[in-house]
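Single-structure report; data block below.
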Amino acid sequence: MTTRNTYVLVHGAWHDGRCWERVAALLTAEGHRVLTPSLTGHGDKAHLLGPEVGLTTHIEDVVGLVLGEDLTDVVLVGHSYAGMVVSGVANRIPERVRRLVYLDAMVPTHGENAIDVMPITQAMIDAAAATDQPWRIPPLPEFPAPQGLFGVTDPDDIAWLRATLTDESVLCFRQRVEMDNPAQALIPRVHIRCVGREPEGVTRRPVPELQPNGQPSRVHELKSGHDCMITDPGELGALLLEGI
C-alpha cells in the first residue's frame, strides 16, 4: 500500500499558491494530501501587502497553517525565495517536517537574508528606492525566449501567470532567517535545480557537498525554466512522488 504523504508547497516571491495547480493535481490524484497556501501579500491575501510584511510574516503563515491543520511528517517544498521561508519554518517546528525540498531555491544559513544568498536582489531594492513606494518591488519583467517570464514561454501560460503576480515587500528580502535550532539540522534536504534557461547575470550559490545532518547532499537537475511547476509539472511531480 502506497504511503499517503502530506505536501506543503510554498510559492516564491511575486507568485501565489495558484502556481502549483498542475503539480498539486498530479500529487492529489495519487492519493496524497497537498496544501498550497498563498503567503501574505499574494493571492487571496494580496490586499494585506504592506511595508511591514516580511520574511517573518511568511514563516508565520506556513507555521500557522501546519499547526492549524495539525500536519505532521510534512514534505515541505520551497520554490525560489521560499527557500528562505521553509528554512525558517523548519527552525520553528522541526518535529513537524519530514523532508525539506529546495526547488530552484535560495538556500540560506543561519542569520542570512535573501541579499546574502542572491546579491542581485539588492539591485531590485535599489530600483524600488527610487520610486514613490520604496518598500515594494514589482515582479520581474518578461524576457525574450528562452527565459520568458520566470522561465515560462507559452503565451497562454504567460498571460495566466502575469495575472497572478503581485508586488513583494522589500522587508521579505532584508529580514534574516533563524536556523539555530539543532533539530532543524537533522531534517533531510533535497535540492532540485532548474537548468538550461538561466537568465544572464543570475548566479546561484553551489549546494554544499554535505547536508547539515552530515549526509551527502542530494541534488537533482530538471531541464526547465525557473517556474517548472508551470512548464514541467509532470517531471516535477514525478520527482516529488519518487520520494527524492
Side-chain angles (χ1 to χ4, degrees), residues 8-17 19-20 37-42 53-63 75-92 97 99-126 128 137 139-140 147 150-151 165 167-181 184-185 187-195 197-212 217-222 224-229 236 244:
V8 175
L9 312 179
V10 187
H11 65 80
W14 304 293
H15 294 60
D16 67 28
C19 70
W20 298 105
S38 289
L39 302 175
T40 297
H42 304 284
V53 174
L55 173 61
T56 300
T57 313
H58 292 162
I59 292 170
E60 291 286 353
D61 287 341
V62 181
V63 169
V75 179
L76 185 57
V77 182
H79 177 242
S80 196
Y81 152 78
M84 306 291 297
V85 179
V86 299
S87 297
V89 172
N91 198 69
R92 287 279 306 279
V97 181
R99 181 180 298 114
L100 286 170
V101 181
Y102 290 89
L103 177 58
D104 217 32
M106 296 182 180
V107 185
T109 57
H110 175 62
E112 289 190 315
N113 61 19
I115 303 165
D116 296 321
V117 179
M118 189 168 285
I120 196 173
T121 307
Q122 183 63 55
M124 300 182 223
I125 295 174
D126 293 341
I137 301 175
L140 296 179
Q147 283 81 31
F150 293 100
L165 299 176
D167 293 354
E168 199 72 44
S169 168
V170 165
L171 193 59
C172 296
F173 299 144
R174 281 185 169 158
Q175 278 189 326
R176 300 186 178 276
V177 66
E178 294 181 0
M179 299 178 65
D180 54 353
N181 185 341
Q184 64 82 24
I187 301 171
R189 288 154 162 80
V190 178
H191 303 265
I192 302 175
R193 289 291 181 97
C194 298
V195 298
R197 302 182 199 169
E198 298 89 342
E200 291 185 10
V202 177
T203 57
R204 292 182 297 194
R205 175 183 290 180
V207 175
E209 292 186 7
L210 296 178
Q211 301 181 45
S217 290
R218 300 173 61 189
V219 183
H220 300 264
E221 290 190 347
L222 193 59
S224 168
H226 184 56
D227 278 5
C228 59
M229 72 288 289
L236 175 59
I244 52 179

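Start at 1 with the first residue, then count along the sequence.
- The distance from the OG1 atom of T56 to the CZ atom of R176 is 12.0 Å, given to the nearest 0.5 Å.
- Residues V101 and L9 have side chains not in contact (no heavy-atom distance under 4.5 Å, counting atoms from C-beta outward).
- Under the 4.5 Å side-chain criterion, counting only non-hydrogen atoms from C-beta, I125 is in contact with I137.
- For the pair E112 (side chain) and T109 (backbone), a donor-acceptor distance under 3.5 Å is present.
- Not counting sequence neighbours, the partners of T40 by the side chain to side chain contact (heavy atoms under 4.5 Å, CB included) test are K45, L48, V53, T57, H58, D61.
- Counting only heavy atoms from C-beta outward, the side chains of H226 and Q147 never approach each other to under 4.5 Å.
- Every residue two or more places apart in sequence or in another chain that forms a side chain to side chain contact (heavy atoms under 4.5 Å, CB included) with V97 is listed here: L76, L100, I187.
- No donor-acceptor distance shorter than 3.5 angstrom exists from the side chain of D16 to the backbone of S38, with no hydrogens or angles considered.
- A 4.5 Å side-chain heavy-atom check between V207 and R189 finds every atom pair outside the cut-off.
- Here the CD1-NE2 distance, from I192 to H79, works out to 10.0 Å after rounding to the nearest 0.5 Å.
- A donor-acceptor distance shorter than 3.5 angstrom exists from the side chain of N91 to the backbone of N181, with no hydrogens or angles considered.
- When only modelled atom types and interatomic distance are considered, E168 and H42 share a side-chain donor-acceptor pair under 3.5 Å.
- Residues L103 and M229 meet the side-chain proximity criterion, which asks for heavy atoms closer than 4.5 Å.
- Checking side-chain atoms of H15 against main-chain N and O of C19 turns up no donor-acceptor pair under 3.5 Å.
- For the atom pair SG of C172 and CH2 of W14, the computed distance is 10.0 Å after rounding to the nearest 0.5 Å.
- Under the side chain to side chain contact (heavy atoms under 4.5 Å, CB included) criterion, V107 pairs with Y102, H191, sequence neighbours left out.
- For the atom pair D116 CG and M106 CE, the distance stands at 10.5 Å (nearest 0.5 Å).
- Residues satisfying the side chain to side chain donor-acceptor pair (under 3.5 Å) criterion with S169, sequence neighbours excluded, are absent altogether.
- In terms of modelled atom types and a separation under 3.5 Å, the side chain of Q184 and the main chain of A90 share no donor-acceptor contact.
- Scored by the side chain to side chain donor-acceptor pair (under 3.5 Å) test, R174 finds no partners at all (sequence neighbours excluded).
- Salt bridge absent: E178 and R92 never bring a charged side-chain N and a carboxylate O closer than 4.0 Å.
- Rounding to the nearest 0.5 Å places CG of L55 at 9.0 Å from CG of N113.
- Shown here are the side chain to side chain contact (heavy atoms under 4.5 Å, CB included) partners of R204, two or more places apart in sequence or in another chain: D104, M118, R193, V195, E198.
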